Amino acid sequence: MLMSLKPAAAQVGATTEHELSARYNLAGATRVIVSGTGVTGEIVPVEAKPTDKPADKKPNLPKIKLKFTCAPDALPGVRDFRVFTPQGASTVGQLVVGRDPVVAENPDNDTREKAQVVSLPAMICGTIEKAEDLDFYRFKIDAPTSLVFAVQSQRLLNRLHDMQTRVDPLITLRTAAGGVLATSDNHYAGDPLLFHNFTEPGEYLLEVRDVRFQGNGDWTYAVEVHSRPFVTQVAPLMLTPGEATPVNLVGFNLPANAPATFTLPADTPAGLTLVSPTFGNQALNSAVVLASRL
């Protein structure tokens, strides 16, 4: 039973290493399969240690390392993956694929004074690992700008097979002195989405915590932070595979009714599917559309 992947995200066009935690045994894992195209996974060989059990004794590995490679044209969004072991195939794990560099949390960032410095744009990955955990990230704005803060956390845990408790993340933007600028709780289910216009250059703080001040070592998150347009919806929602369809993009850092055209591959199966819109020759985040031949 897969429980967490740290960091929870990988960058398009990069190969990154991640720690996978599970309930029960990952020993002897041989293969990783990933949904969709453009992302592949592999097992990082486990180095033998002097304390390892003899060859005739079955090892117990609740954690292993995985390596994910995301092609330059990989579609952003969440991918399912499974690991094959001698004990059987695992339950589903999830990997967030994003366009920006991944920043892994420094665990010693629980106060404003110890806030972890990050450069933007970034995909900030961390864990709300204990009760009353506060994770602080410090970033600098050189000129007035508008930033999107999109969180993937509760939706990742909702796919886990044996997660008994669920994270309820809350993000808060603060001034360097700690004053509250904006906050977001539930947007996509329990995950926040925040858009903020920064009018003054300077240093600011992003705070991530559970709204109930609870914590768990498997409560991971990925926060996408950038100034690009961010699509929340495509209108109309339904597209016919194989046909060029004019649509409007709805979201942040976009003009009203921003025009775009999608052509789904002719063999796209009916149902919800991800597309990667472009606007002004700039590739954006993925959005959900409904493929239908009706």
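The shown structure was predicted, so the numbers you read here are calculated from the model rather than taken from an experiment.
- For H196, the ring-ring contact (aromatic ring centres under 6.0 Å, His included) test picks out F198, with sequence neighbours left out.
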What donor-acceptor contacts under 3.5 angstrom involve side-chain atoms of residues 74-84, with partners at least two apart or in another chain?
from	atom 1	to	atom 2	distance (Å)
R79	NH1	S35	O	3.1
R79	NH1	T37	O	3.0
R79	NH2	T37	O	3.1
R79	NH2	L75	O	3.1
D80	OD1	Q94	NE2	3.0
D80	OD1	R159	NH2	3.4
D80	OD2	R159	NH2	2.4
R82	NH1	S90	O	2.8

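- Remark: the D135 side chain and the Y221 side chain contain an N/O donor-acceptor pair separated by less than 3.5 Å.
- Each of L205 and I128 belongs to its own hydrophobic cluster when Ile, Leu, Val, Met, Phe, Trp and Tyr are linked at side-chain heavy-atom distances under 4.5 angstrom.
- The minimum heavy-atom distance linking P241 with P265 is given by the pair CB-O, 3.4 Å.
- Residues near V180 contribute nothing to a hydrophobic cluster around it, because no ILVMFWY side-chain heavy atom sits closer than 4.5 Å to its side chain.
- Linking ILVMFWY side-chain heavy atoms closer than 4.5 Å, directly or via other members, places L284 and V148 in two distinct hydrophobic clusters.
- Formation of a donor-acceptor pair under 3.5 Å by the R209 side chain with backbone atoms of V211 is found in this model.
- Partners of T127 according to the side chain to side chain donor-acceptor pair (under 3.5 Å) rule, which considers only residues two or more places apart in sequence or in another chain, do not exist here.
- Using modelled atom types, one side-chain atom of T91 and one backbone atom of L2 make a donor-acceptor pair closer than 3.5 Å.
- When only modelled atom types and interatomic distance are considered, N197 and S146 share a side-chain donor-acceptor pair under 3.5 Å.
- Between H18 and A9, the shortest heavy-atom distance links the atoms CE1-O, 3.0 Å.
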Which side-chain N or O atoms in residues 287-294 pair as donor and acceptor under 3.5 Å with protein atoms at least two apart or in another chain?
from	atom 1	to	atom 2	distance (Å)
S292	OG	L294	N	3.2
R293	NH1	T268	O	3.2
R293	NH2	A266	O	2.8
R293	NH2	T268	O	2.9

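- To the nearest 0.5 Å, atoms CZ (R228) and CZ (R99) are separated by 7.0 Å.
- Judged by distance alone, the side chain of Q154 and the main-chain N or O of A189 form no donor-acceptor pair under 3.5 Å.
- The stretch residues 245-287 participates, sequence neighbours left out, in these ring-ring contact (aromatic ring centres under 6.0 Å, His included) pairs: F195-F252.
- Crowding of E200 atom CD: a count of heavy atoms from other residues, nucleotides or ligands under 6.0 Å not exceeding 12.
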